[in-house]
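Predicted model only: the values in this text are computed from it and were never measured. Read the numbers this way: they start at 1 and go in the same order the structure lists the ligands and their atoms.
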Amino acid sequence: MTDYISENRDGHIVELLGGLSTSFAISILNSSPDCIKLIELDGSLSFMNHNGMCAMEVDDFCMVEAQPWPSLWPESAQQLLQDAMDTATEGGTSRFEAFCPTAKGKPRWWEVTVSPVLGKTGRVERLLSTSRDITARVEREKRMQEHERQLDDYAQMLRRELAEKKELLAAKEVLVREVDHRVKNSFALIIGLLRLQMRNVSEEAAREAINDAANRISAVARVHEHLYRDESVQHIPVRSFLQDLCRGVCSSVGGSEGQVEMVFDDVTVPSDVAISYGLILTELLSNAFKHSQSDDTRVRVALETVPDKADRYLLAVEDNGRGLPEGFTLTEATGLGMKICKIYVAQLSGGLSHSRSDLGGARFVADVSGV
Ligand SMILES: Nc1ncnc2c1ncn2[C@@H]1O[C@H](COP(=O)(O)OP(=O)(O)OP(=O)(O)O)[C@@H](O)[C@H]1O
Ligand SMILES: [Mg+2]
């Protein structure tokens with residue numbers, strides 16, 4: 001046993017065992033929970049404490065005695081050991097972490113400190129290595145790293161999927177816009193063809209019939225245009241749609257916008273409900289202009305919510321014309337306009353009624369559902 005054993009921790013000499021008996025010094029070293037080894041300057045192992053032998057699963061010190069210390073470690077750690085030994089030989093202390101399985105092959109990680117042991121003359125005579133088992137910590141860190149890696153992979157996968165979905169969505173949006181555009185053009189083409197045909201027909205009744213058909217198709221086309229414009233495929237705000245529709249009907253019957261007073265509550269309804277409103281309104285408004293027989297036709301068009309009744313609306317059209325013919329009844333009315341109104345009012349679980357308007361002419365009110 002050496003005369004002086006100094007253990008350098010954190011750069012401080014903390015223990016000086018000079019002058020102690022060998023057995024006492026060994027018993028002190030054996031009491032350390034760490035694996036303590038003495039290494040000769042030629043690198044051979046000359047001592048290993050009791051806990052070290054347990055930790056390294058060395059049953060008998062003879063198995064490792066006088067063997068070059070680095071040769072007991074895996075090749076990947078040998079350079080670290082050599083460097084630490086060189087530093088200690090020159091009087092310095094170094095610390096590193098490395099992997100070394102036990103003699104029986106159990107995987108272990110160690111925090112190793114190598115420091116010089118000085119003789120009486122102050123010269124380095126041996127090296128002292130303290131290895132602490134840090135396997136639990138390293139494995140915990142590895143598990144955390146593995147979790148982090150898995151999370152990173154997962155996040156990357158999600159980012160990739162999101163990017164793909166965004167791309168698909170963008171492509172779909174382009175497609176939808178293209179389809180919308182084509183539908184809009186097709187409606188315009190059909191309406192244009194009907195109007196062209198109308199100009200080539202000399203009979204007044206036939207011209208009117210074609211114009212009515214064009215107006216009815218316009219009502220459907222306008223709903224589509226509003227859906228497309230508002231970028232909502234299910235619901236549309238009714239006010240702007242009905243205003244737009246009234247203007248269209250006015251111009252198609254040769255009237256002006258100023259002749260129609262519009263009172264529309266600001267409500268939103270499903271697109272198929274809006275189409276029904278549009279078709280009903282087209283018929284009632286066309287009738288107001290067509291049958292008023294007034295030089296200065298005035299029409300009031302309204303969509304109002306029914307007080308205390310959720311999702312019920314009153315769609316009313318009244319004019320200042322000559323009023324309904326004597327004995328007019330809805331059940332007996334045979335025109336296509338009234339038929340269309342009745343069909344769509346029934347679809348909206350509603351009822352259609354008529355009366356005399358304050359304006360002097362006819363008044364039609366459809367009590368309809370908004371869903
Ligand atoms: N605002 C109104 N003022 C006066 N009479 C009207 C009014 N609305 C409808 N009528 C009467 O009700 C009848 C039925 O109307 P309806 O819309 O069903 O047929 P139409 O307008 O004559 O023809 P179309 O099939 O082109 O609509 C009309 O012919 C007209 O006599
Ligand atoms: Mg009509």
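- Inclusion of Asp212 in the set of residues having an N or O under 3.5 Å from an N or O of ligand 1 is warranted.
- Between His354 and Phe328, the two ring planes are perpendicular [angle over 60°; tilted spans 30° to 60°].
- When Lys339, Lys290, Met338 are ranked by how near their heavy atoms come to atom 24 (P) of ligand 1, first place goes to Lys290.
- Note on Asp212 versus Lys290: salt bridge recorded, some NZ/NE/NH1/NH2 to OD/OE distance being below 4.0 Å.
- When the heavy atoms of Ser286, Gly323, Ala362 are ranked by distance to atom 4 (C) of ligand 1, first place goes to Gly323.
- Residue Arg216 approaches ligand 1 through these ligand atoms, each under 4.0 Å from one of its heavy atoms: 27 (O).
- Heavy atoms of Arg363 found under 4.0 angstrom from ligand 1: none, in either backbone or side chain.
- Ser294 and Asp296 share no donor-acceptor pair across their side chains, judged by distance under 3.5 Å alone.
- Every N/O-N/O distance between Ala333 and ligand 1 stays at or above 3.5 Å.
- One option in Asn211, Asn215, Asn287, Leu330 has a heavy atom closer to atom 15 (O) of ligand 1 than any other, and that option is Asn287.
- In terms of protein heavy atoms, atom 12 (O) of ligand 1 is closest to Phe328 CE1, 3.2 Å.
- The heavy atom nearest to atom 27 (O) of ligand 1, out of those in Gly321, Ala209, Gly337, Ala205, is found in Gly337.
- Side-chain atoms of Thr334 and Lys339 form no donor-acceptor pair, as typed in the model, at a separation below 3.5 Å.
- A donor-acceptor contact closer than 3.5 angstrom links the side chains of Ser252 and Asn215.
- Side-chain N/O atoms of Arg300 and Asn320 include no donor and acceptor closer than 3.5 Å.
- In this structure, a donor-acceptor pair under 3.5 Å is absent between the side chains of Gln259 and Thr297.
- Side chains of Glu283 and Asn287: a donor-acceptor N/O pair is absent below 3.5 angstrom, by distance only.
- Protein heavy atom in closest approach to atom 25 (O) of ligand 1: Leu336 N, 2.8 Å.
- Scanning the protein heavy atoms around atom 5 (N) of ligand 1, the nearest turns out to be His291 CB, 3.4 Å.
- The protein heavy-atom contact nearest to atom 1 (N) of ligand 1 is Asp319 OD2, 3.0 Å.
- Using a 4.0 Å heavy-atom cutoff, Pro325 is listed among the residues neighbouring ligand 1.
- A donor-acceptor contact closer than 3.5 angstrom is absent between the side chains of Arg108 and Thr102.
- Using a 4.0 Å cut-off to heavy atoms of Leu324, the atoms of ligand 1 that qualify are 5 (N), 6 (C), 7 (C), 10 (N).
- Between the side chains of Gln156 and Asp152, no donor N or O sits under 3.5 Å from an acceptor N or O.
- When non-hydrogen atoms are compared, ligand 1 lies under 4.0 Å from neither the backbone nor the side chain of Val317.
- Among protein heavy atoms, the minimum distance from atom 19 (O) of ligand 1 is reached at Gly335 CA, 3.5 Å.
- Using a 4.0 Å cut-off to heavy atoms of Phe364, the atoms of ligand 1 that qualify are 8 (N).
- Salt bridge absent: Asp180 and Arg182 never bring a charged side-chain N and a carboxylate O closer than 4.0 Å.
- Side-chain atoms of Ser292 and Asp319 form no donor-acceptor pair, as typed in the model, at a separation below 3.5 Å.
- Below 4.0 Å from some heavy atom of Ala288 lie the following atoms of ligand 1, by number and element: 1 (N).
- Here Ser286 fails the criterion, with no N, O or S atom under 2.8 Å of the Mg ion (ligand 2).
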